[in-house]
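Report on the structure given below.
Just so you know, these numbers use all the heavy atoms, side chains as well, and skip hydrogens, waters and symmetry mates. Per chain, numbering begins at 1; letters A, B, ... match sequence-line order.
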Number of protein chains: 2
Amino acid sequence: MLFKQFDLNYDRPAVTKTETGMSKHGQRVLITLRKMIANGELPPGERVAEIPIAERLGVSRTPVRIAFRTLEQEGLLRKGDRRGYTVRAITPTEIADAIEVRGVLEGLAARLASERGISLPARSHLIECLSTGDALFSKGFLTDEDMEIYHDFNMRFHNTIIEASRNIAIEDALSRNDHLPFASVSSIAFNRDDMTGEFRRFNFSHMQHHIIFDAIDNGQGARAEALMREHANAALRYTQILGPTQDMPDNFTVIEREDTA
Amino acid sequence: MLFKQFDLNYDRPAVTKTETGMSKHGQRVLITLRKMIANGELPPGERVAEIPIAERLGVSRTPVRIAFRTLEQEGLLRKGDRRGYTVRAITPTEIADAIEVRGVLEGLAARLASERGISLPARSHLIECLSTGDALFSKGFLTDEDMEIYHDFNMRFHNTIIEASRNIAIEDALSRNDHLPFASVSSIAFNRDDMTGEFRRFNFSHMQHHIIFDAIDNGQGARAEALMREHANAALRYTQILGPTQDMPDNFTVIEREDTA
DNA sequence: TCTTGCCAAATTGGATCCAATTTGATTACG
DNA sequence: CGTAATCAAATTGGATCCAATTTGGCAAGA
C-alpha cells in the first residue's frame, strides 16, 4: 500500500474555511477521494470512472463529477485525451519538486514580510510560536504529544509569515502544492524509534525559525529569503523516508491536517 | 468598463490542451464567464447566482455549477460564507502580486534549467526564439503584426524554460496565476501611439532573453534566476497602465491567448 | 489472416426534478 | 414601537433521465 498510515488524521473536524461550495455530502466525497488517492487505494495510473466511484461511495454521479474537476485542478487526477480521468502518479521526485516550489514561495513571503515590515500582532504571534518551541525543546527530549504541539505552532509560524507578506498570490499558489501529500507544512512524519535523532532534527528546524524571525524582524529581506528557502529542505526528508516504493515504514508516525480546503 | 478591450482575442481557436473535462458547451460557459469577469461585465463584488447566469447564457444550471467551482479554484470567484459566489475584485495590487510570484517561480525554473542542463531540442528552440526576435528588432521598428509574432515566441521562450526545469510543480503553480488577467506571459499590452517607446521596451525585454539564455547555457544558475526574476518586472508595466480605475486606455492594444485552460 | 465497417455497450455531459437549507419579510405579541 | 417567530420565496446540492460521443468487439470481405 502506498503512503501507509497517511490517512491517520484525515477526517477530523476539518476547518472547512474555503469549502468548495458543497454540503457535507459532496465535501465528504472530495475528502474520501483525496484519501483514496493518497494511500494508494486508487493506484497511480488507474483509470477512474464516475459510475463505479459513485456506487462505491454510495452517492449519485453528480458530486463525483464535481469532485473530479476539483481533483484535476489540484493535480491529483489527470484527464485522458478523450474520456475519463486517471490517477496521477505521485513520485518522490514530484514531492521534492513541490517542496522546492514551496521553498521559493515561502522565501518570497519571508522577504516581503521583511521589506514591508510585520504588524505588531503578527510579530507577537511569531514570538509566541518561538517561545512555545523553546519550552518544548528545553526539556531535552520530545514526546508524541510534543510532536502534535510542534506541528501546530510550526504551521502557524509559517502561515503567519505568509499572511505577513501581504501578497495574496503567494497563498493562492501555495494552496495548490498543499494538496500533494507531504509537500505542505501541514504534514510531518517522524520516526518513533529514533526520538533522539528526531529531537535534534526538529530542534534544528526550530532554531531556523529563530533566525528567520530575526532576519524578518530586522528587515533583512535577502537573508530571510535565503534562510526560509533552506528551511523548506527540512521537509525534503520525506522523499528519503519514502523510498522508491513510496512505502512509509511502520515505525513512522504521520501527522496530517486538513486546512484551507 | 473594466479592462476595456481585454476580450479581443479571447475566443479564438483555443489550444484546449487541458480542457477541464467538458464538451465544447461547458468549455464555452467557462470561457464566457472568465471574459465577463475580466472585462467587468460582472463587476467585482457582484453576487453571482446559478439561475440568472444559466438563463443569460442559455444553458442549464449544470455547466454553470461546474464552471463556478473551476472559477473559484482559479481565484476569479470567491465563495460567500453561507451561499453564493461573488466576483473577486482584481486590483492592480493583486496583479502586481501575481507577477511577483511568477517572477520567483520562473526564476526557479531558470535556475533549475541551468543546473540540470537543457536538452538539445530545447536549446535549439530557445535559440530559434532569439533569432526570430533578432530579425524582428533589427528592422528598427515594430508593426502590429510584429507584436503578434513577438508575443508568440515570447510565450514559447518562457514555456520552454519552464519545461526545461523538469519540475512539474512549477508549471502547476504557474497555471494558477495565469488565470488572473495580465499576470501571465500569455498577455501583453502595448501603446499604439508610442511605438517607438514600445520598440525600446520590448527590445530591452528581448535583450533580457538573450542574457537569460546565456546564463542558462553556461550553467550559471544563480545568475539565470536573478535575471529571470528581474525580467518578470517587465510585465509590471500593466499595473502602471491600468491606473487605480483599472481602465485600459483606448490607444492600448491587448494581445491575449487562451492556453493550458 | 488481416483489415475494415458497423453495431452495441459504456461513459460522459447536460437538463430537469426534488429535497434541504437559507433568506427575508410580514405579522403577532410583548 | 420593537422584537421575535413563523412562513414563503429563493437558492443550492443531489439524483435521475436523456442525448451524444466514444470504445470495443464481432463479422464480413479482401
Side-chain angles (χ1 to χ4, degrees), chain A residues 11 14 16-34 36-37 42-43 45-74 76-88 258 261, chain B residues 11 14 16-34 36-37 42-43 45-74 76-88 258 261:
Chain A
D11 30 30
T16 54
K17 195 177 59 182
T18 318
E19 47 192 331
T20 316
M22 30 192 118
S23 187
K24 295 166 195 165
H25 215 164
Q27 188 80 336
R28 195 180 55 78
V29 171
L30 184 59
I31 292 178
T32 305
L33 284 177
R34 281 211 202 100
M36 288 169 70
I37 293 171
L42 295 175
E46 172 109 333
R47 170 119 188 278
V48 289
E50 292 175 5
I51 297 180
I53 297 291
E55 287 176 355
R56 196 159 161 187
L57 300 183
V59 295
S60 98
R61 279 176 47 217
T62 312
V64 176
R65 255 160 75 184
I66 305 270
F68 278 9
R69 299 313 189 303
T70 304
L71 290 170
E72 191 208 354
Q73 292 276 331
E74 291 177 2
L76 293 176
L77 288 184
R78 276 224 179 289
K79 209 175 89 60
D81 274 346
R82 279 299 173 203
R83 193 206 309 244
Y85 289 91
T86 55
V87 177
R88 175 166 158 193
E258 270 296 307
Chain B
D11 29 30
T16 54
K17 195 175 58 183
T18 319
E19 46 191 332
T20 316
M22 31 193 118
S23 187
K24 296 166 196 165
H25 214 164
Q27 188 78 339
R28 194 180 55 78
V29 171
L30 185 59
I31 293 178
T32 306
L33 284 176
R34 280 213 202 98
M36 287 168 70
I37 293 172
L42 294 175
E46 172 109 334
R47 170 118 188 279
V48 288
E50 292 175 4
I51 297 180
I53 297 292
E55 286 176 355
R56 196 161 161 186
L57 300 183
V59 295
S60 99
R61 279 176 47 216
T62 312
V64 176
R65 255 161 76 184
I66 305 270
F68 277 10
R69 299 314 187 311
T70 304
L71 290 170
E72 191 209 354
Q73 291 277 330
E74 291 177 2
L76 293 176
L77 288 184
R78 275 223 180 289
K79 209 175 89 60
D81 273 346
R82 279 298 172 206
R83 195 206 305 245
Y85 289 91
T86 54
V87 178
R88 173 167 161 192
E258 269 298 307

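Considering only residues two or more places apart in sequence or on other chains, A/Arg61 meets the salt bridge (charged side-chain N to carboxylate O under 4.0 Å, His left out) condition with A/Glu50. Listed by chain and residue number, A/Arg47 satisfy the side-chain contact (heavy atoms from CB on, under 4.5 Å) test with A/Arg83 (two or more places apart in sequence, or in another chain).
The CZ-P distance, from B/Arg69 to D/dT12, rounds to 9 Å in whole Å. Computed from coordinates, the A/Glu55 CD to D/dG14 P distance equals 18 Å when rounded to whole Å. In this structure, the CZ atom of A/Arg47 is 7 Å from the P atom of C/dT11, given to the nearest Å. Atoms CD (B/Glu50) and P (D/dA10) sit 16 Å apart, rounded to a whole Å. Summarising the geometry, the separation between CD on A/Gln27 and C1' on D/dG14 is reported as 15 Å, rounded to the nearest angstrom. If you measure from atom OH of B/Tyr85 to atom P of D/dT11, you get 15 Å, rounded to the nearest angstrom.
Pairs passing the ring-ring contact (aromatic ring centres under 6.0 Å, His included) check and including a residue from residues 49-74 of chain A, sequence neighbours excluded, read A/Phe68-A/Tyr85.
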Write out a two-atom table: protein N or O, nucleotide N or O from nucleotides 15-19 of chain D, distance below 3.5 Å.
residue, atom, partner, partner atom, Å
D/dA15, OP2, A/Ser60, N, 2.7
D/dA15, OP2, A/Ser60, OG, 2.8
D/dA15, N7, A/Thr62, OG1, 2.7

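Side-chain atoms of A/Glu46 and A/Thr86, non-hydrogen and from C-beta on, never get closer than 4.5 Å to each other.
The shortest non-hydrogen separation linking B/Leu77 to B/Val87 is CD2-CA, 3.9 Å. Closest approach of A/Ala54 to A/Ser60, counting heavy atoms only: CB-O, 3.7 Å.
Evaluation of atom-type donor-acceptor distances gives no pair under 3.5 Å for the side chain of A/Arg83 against the base of C/dT12.
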